[in-house]
*Asks:* 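My questions will all concern the structure given below.
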Protein chains: 2
Amino acid sequence: MPQPPDSRQWQETLRERGYRLTPQRELVLAAVEELGHATPDEVLAKVHERSSAVNISTVYRTLELLESLGLVRHTHLTDRAPTYHSRSGDEHVHLVCRGCERVLEAHLSEFDELAAALQQRHGFTPDVGHLTVFGTCADCRDA
Amino acid sequence: MPQPPDSRQWQETLRERGYRLTPQRELVLAAVEELGHATPDEVLAKVHERSSAVNISTVYRTLELLESLGLVRHTHLTDRAPTYHSRSGDEHVHLVCRGCERVLEAHLSEFDELAAALQQRHGFTPDVGHLTVFGTCADCRDA
DNA sequence: TTCGGTGCAAATTTTTTGCACCCGC
DNA sequence: GCGGGTGCAAAAAATTTGCACCGAA
């Protein structure tokens, strides 16, 4: 589970690189932390719950910034729209069930062997943390 | 490499399910076969090379149909836009290099072990044929 | 002849951009 | 006060949809 982010740490990350700390950036990051996986749209909605009005363009711009800083990442959990998630917790691979849309998480170490094989056979270094695997979960297969 | 598709076979598939055989459908399928991996946009361009004017809406509708018939598949090779490929040849996993945008192909069997592991540990049956792995190819890593 | 398929244009949806104003540092 | 950040509105993509007409079976 995502630890409550250490605010000092990411505030530091921003400043180090010469970026400013704004309430919008704080709100967007908090929303991503809380939602787990969320599209820009969903992030906006979450932020609005807390009443503070933030513009959708700012959400896009902020997510892009946070990603460039390594504070969030995105993957494609559905055929449309990227979804962002925090990197404060463990990195993981997303297992998306086509039946129920549920998202399971697999530990990166489960892909070590695969990574080594792709490296050796294709000279390809996979970015496993960005990986999304589609398929069917146990419940949906049995149903 | 993709075999020249046996036209009788897919024409049969269409009729079996009560769909009509139209020149547009023929052109779109041929374009996908030829391109290997292509976005709807690229398919349209390819079709237009052969002069026959086909509308972009028809491309979208046709790709959707062909996919429902199992004649093509799509994956997400870039952050934007799905790419379609034929299923007449071997199924494979796409390895997309972030550096040069090149797309390598890995054999499905390379993922057997992974599939078994995910099945056992998460009860999850991966759809490996839909998989896309992002990363860095040998050339770009060394560069 | 029939009704599924297509073209066209307009509507949606999602993301990007230009620019004037605002506020963190 | 300076210069990066934000809001807003308009522009750009990328898809989808309604509808009248066309042509495969």
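Labels below follow one simple rule: chain letters A, B, ... track the order of the sequence lines, proteins then strands, and each chain is numbered from 1.
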*Asks:* Rounded to whole Å, how long is the line connecting atom CG of B:Leu27 with atom P of C:dG5?
*Replies:* 16 Å
*Asks:* Taking the side chain from A:His94 and the backbone from A:Val96, do they hold a donor-acceptor pair closer than 3.5 Å?
*Replies:* no
*Asks:* Using distance only, find each side-chain donor-acceptor pair of residues 13-22 of chain B under 3.5 Å and give its atom names and separation, not counting sequence neighbours.
*Replies:*
from: B:Thr13; atom 1: OG1; to: B:Gln9; atom 2: O; distance (Å): 3.0
from: B:Thr22; atom 1: OG1; to: B:Arg25; atom 2: N; distance (Å): 3.2

*Asks:* Can you list the residues that meet the ring pair (Phe, Tyr, Trp, His ring centres under 6.0 Å) rule with B:His76, with sequence neighbours excluded?
*Replies:* B:His74
*Asks:* Between protein and nucleic acid, restricted to nucleotides 10-12 of chain C and to nitrogen or oxygen atoms under 3.5 Å apart, what atom pairs and distances do you find?
*Replies:*
none

*Asks:* Output all residues satisfying side chain to side chain contact (heavy atoms under 4.5 Å, CB included) with A:His48, sequence neighbours left out; order by chain, then residue number.
*Replies:* A:Leu44
*Asks:* Between P on C:dG4 and CZ on B:Arg25, what's the gap in Å once rounded to a whole number?
*Replies:* 11 Å
*Asks:* Does B:Leu21 or B:Pro40 map to a spot on DNA chain D nearer the 5' end, using the closest nucleotide for each?
*Replies:* B:Pro40
*Asks:* Can you list every pair that meets salt bridge (charged side-chain N to carboxylate O under 4.0 Å, His left out) and has a residue in residues 59-70 of chain A, with sequence neighbours left out?
*Replies:* none
*Asks:* Specify the residues of residues 56-65 of chain A, ordered by number, for which at least one heavy atom lies under 4.0 angstrom from an atom of DNA chain D.
*Replies:* A:Ser57, A:Thr58, A:Arg61
*Asks:* Expressed as a whole number of angstroms, how long is the span from A:Asn55:CG to C:dC22:P?
*Replies:* 16 Å
*Asks:* Base of C:dG4, side chain of B:Arg20 - is there a donor-acceptor contact under 3.5 Å?
*Replies:* yes
*Asks:* List the atom pairs, with distances to 0.1 Å, where a side-chain N or O of residues 134-143 of chain A and a protein N or O form a donor-acceptor pair under 3.5 Å, not counting sequence neighbours.
*Replies:*
from: A:Asp139; atom 1: OD2; to: A:Arg102; atom 2: NH1; distance (Å): 3.4
from: A:Arg141; atom 1: NE; to: B:Thr125; atom 2: OG1; distance (Å): 3.3
from: A:Arg141; atom 1: NH2; to: B:Gln119; atom 2: OE1; distance (Å): 3.3
from: A:Arg141; atom 1: NH2; to: B:Gly123; atom 2: O; distance (Å): 3.4

*Asks:* Taking any atom under 4.0 angstrom from a heavy atom of chain B, which nucleotides of DNA chain D are the first and last to qualify, 5' to 3'?
*Replies:* D:dA14 to D:dA25
*Asks:* Who pairs with A:Leu108 by side chain to side chain contact (heavy atoms under 4.5 Å, CB included), at least two apart in sequence or on another chain?
*Replies:* A:Glu91, A:Val93, A:Val128
*Asks:* To 10°, what angle do the rotation axes through the five end pairs on each side of the helix from C:dT1-D:dA25 to C:dC25-D:dG1 form?
*Replies:* 30°
*Asks:* Kindly determine whether A:His92 and A:His85 satisfy side chain to side chain donor-acceptor pair (under 3.5 Å), including the steps that lead there.
*Replies:* CA-CA 10 Å; A:His92 50 255; A:His85 62 276; 4.6 Å; no
*Asks:* Taking side chain to side chain donor-acceptor pair (under 3.5 Å) as the definition, give me every residue that meets it alongside B:Thr132, ordered by chain and number, with sequence neighbours left out.
*Replies:* none
*Asks:* Round to a whole Å and report the spacing from CD of A:Glu42 to P of C:dT15.
*Replies:* 11 Å
*Asks:* Just to verify, what does A:Asp41 make a side chain to side chain contact (heavy atoms under 4.5 Å, CB included) with, not counting sequence neighbours?
*Replies:* A:Thr39
